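Below: the structure, in structure tokens.
Since this is a predicted model, take the numbers as computed values, not measurements. Residues: numbered from 1 along the sequence shown.
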Amino acid sequence: MDHDADGARVGLIATRALLLSGDDVHIEVDVAPGAWLDIVEATGTVAYEGDARSSWTMHADVGDGAVLTWAGKPFVVSDEIATHRATHIRLHGTAKALIQEKLVLGRAGQTGGDLSTSLDARDDTGPLQVEYLDLGRQARHMPGVFGNLRSMDTVTALGWTPEPFGTPDAGSTGPGETYFPLNRSGAVLRWMGIGRFCDELCDPTFAAWHEDAMHDYRRRRTAERLRRETEPGHGEDGHGPATTTTTPANCPPYR
């Protein structure tokens, strides 16, 4: 969708119906050191009813100094289906990741089947955020779990700790919203509601945190280029005089 010398914005488009009963979808993302990648989902995903379990799993490896951002569309769980959504993220060095996940229990007129989700985010030191959430039909109606709520929106920042966007009164954007910084570098904003996504909280928060992550990234990359340009005998690419820097015609425009 867009690119520059350091990264790209990529649209994620399904070419077939998914998630059908029995589907097991795996997505692997590898962001090179010093690059940026912004993933955009064109549409939401529906886990359709059926006898066999389905699953959606994403593995992301983010190199030193790189930034991964991914604003997810609603993941809708139909009646009469059991499905699992898993996210695995590994950060290296000063890497950052910003992920938004929207969950909806049931299509129109439905209450939704059995859903479980997991997040395992780590860096070179160890775990940043590890979570397993059981939203099965029996578990979610237990006291203090989910009750009659149908929607949950979560924005997770990893590799730095952004401040909350705005200061809404508790319960003003929906039955529940929570911001909490992680023990190490990271923060989570979670919203829960009864209907579809009209929380007016997580989307602007993702946009603000995205700008925060990319502003810091661009500033750092600019400083690195200026440093390389001023090094004796090195051009902009850091490997030779600037006057001899060339780019092959078949060289891809980004990593």
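Judged by distance alone, with hydrogens and angles left aside, the side-chain atoms of R184 form a donor-acceptor pair with the main-chain N or O of G126 at under 3.5 Å. Counting only distance, with no hydrogens or angles, the side chain of S21 and the backbone of A52 share a donor-acceptor pair below 3.5 Å. In this structure a side-chain-to-backbone donor-acceptor pair under 3.5 Å is missing from D216 to A213. Using modelled atom types, one side-chain atom of D114 and one backbone atom of R137 make a donor-acceptor pair closer than 3.5 Å. In this structure a side-chain-to-backbone donor-acceptor pair under 3.5 Å is missing from E229 to L226. In terms of modelled atom types and a separation under 3.5 Å, the side chain of D64 and the main chain of T94 share a donor-acceptor contact. Between the side chain of R220 and the backbone N or O of G65 there is at least one donor-acceptor pair closer than 3.5 Å.
Rounded to the nearest 0.5 angstrom, L98 CG and T205 OG1 are separated by 10.0 Å. Taken to the nearest 0.5 Å, the CG atom of D134 stands 9.0 Å off from the OG1 atom of T117. Put simply, CG on L12 and CE on M1 are 11.0 Å apart, with the number rounded to the nearest 0.5 Å. Going from atom CE of M192 over to atom CZ of R150 covers 15.5 Å, rounded to the nearest 0.5 Å. Taking OG1 of T154 as the reference point, atom CG of L103 lies at 6.5 Å (rounded to 0.5 Å). The line from CZ of F206 to OG1 of T69 is 5.0 Å long, rounded to the nearest 0.5 Å.
A salt bridge does not link R90 with D120: every distance from a Lys NZ or Arg NE/NH1/NH2 to an Asp or Glu carboxylate oxygen is 4.0 Å or more. Taking a cutoff of 4.0 Å between a charged side-chain nitrogen and a carboxylate oxygen, E224 and R221 qualify as a salt bridge. Looking at R190 and E177, no side-chain N of the basic residue comes within less than 4.0 Å of a carboxylate O on the acidic one, giving no salt bridge. A salt bridge does not link D123 to K96: none of the charged nitrogens lies less than 4.0 Å from a carboxylate oxygen.
Counting non-hydrogen atoms of neighbouring residues, nucleotides and ligands closer than 6.0 angstrom, the CG atom of D51 reaches no more than 12 such neighbours.
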Output, in order, the C-alpha distance, side-chain angles, deciding distance and verdict of side chain to side chain contact (heavy atoms under 4.5 Å, CB included) for L19 and F75. CA-CA 10 Å; L19 290 164; F75 185 86; 3.7 Å; yes
Which is it for T57 and R85 under the side chain to side chain contact (heavy atoms under 4.5 Å, CB included) test, yes or no, and what are the steps along the way? CA-CA 6 Å; T57 303; R85 180 181 175 103; over 6 Å; no
For the pair S118 and T87, evaluate side chain to side chain contact (heavy atoms under 4.5 Å, CB included) and give the outcome as yes or no after the intermediate values. CA-CA 6 Å; S118 62; T87 302; over 6 Å; no
Run the numbers on L68 and I39 for side chain to side chain contact (heavy atoms under 4.5 Å, CB included), then give the verdict. CA-CA 8 Å; L68 168 65; I39 297 178; 4.1 Å; yes
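The aromatic rings of Y179 and W209 lie perpendicular to each other, with more than 60° between the two planes, well past the 30° mark.
When all heavy atoms of A42 and I13 are compared, the closest pair comes out as CB-CG1, 3.9 Å. Closest approach of P162 and D212 over heavy atoms only: CB-OD2, 3.9 Å. Counting all heavy atoms, side chain and backbone alike, E211 lies closest to R218 at OE2-NH1, 4.5 Å. Minimum heavy-atom separation, F165 to A208: CD1-CB, 3.5 Å. Summarising the geometry of I81 relative to G50, their closest heavy-atom pair is CD1-O, 3.7 Å, with the distance given to 0.1 Å. When all heavy atoms of R140 and G113 are compared, the closest pair comes out as NH1-O, 2.7 Å.
Using a 3.5 Å distance cut-off with no hydrogens or angles, the side chains of D4 and W36 do pair a donor with an acceptor. If you check the side chains of H141 and N148, you find no donor sitting under 3.5 Å from an acceptor. Under the 3.5 Å distance criterion, with hydrogens and angles disregarded, no donor-acceptor pair is assigned to the side chains of W70 and D38. Donor-acceptor pairing under 3.5 Å is recorded for the side chains of S54 and T83. Between the side chains of S116 and H84, at least one donor N or O sits under 3.5 Å from an acceptor N or O.
Contact of the D79 side chain with the E49 side chain is not registered, since no non-hydrogen atoms from C-beta on lie closer than 4.5 Å. Contact annotation: the side chain of R9 approaches that of V40 to within less than 4.5 Å [non-hydrogen atoms, C-beta and beyond]. You'll find the side chain of R122 stays beyond 4.5 Å of the side chain of L91, heavy atoms only. Two residues are said to be in side-chain contact when any heavy atoms from C-beta on lie closer than 4.5 Å; V155 and D203 fail this criterion. Contact of the Q100 side chain with the D153 side chain is registered, since non-hydrogen atoms from C-beta on lie closer than 4.5 Å. Counting only heavy atoms from C-beta outward, the side chains of W191 and T178 never approach each other to under 4.5 Å. In this structure the side chain of T45 reaches within 4.5 angstrom of the side chain of L18, judged on heavy atoms. Side-chain atoms of S78 and V46, non-hydrogen and from C-beta on, do get closer than 4.5 Å to each other.
No chain of hydrophobic side-chain contacts below 4.5 Å, direct or via other Ile, Leu, Val, Met, Phe, Trp or Tyr residues, connects V62 to V130. Hydrophobic cluster membership differs between I89 and Y132, with clusters built from Ile, Leu, Val, Met, Phe, Trp and Tyr side chains linked at under 4.5 angstrom.
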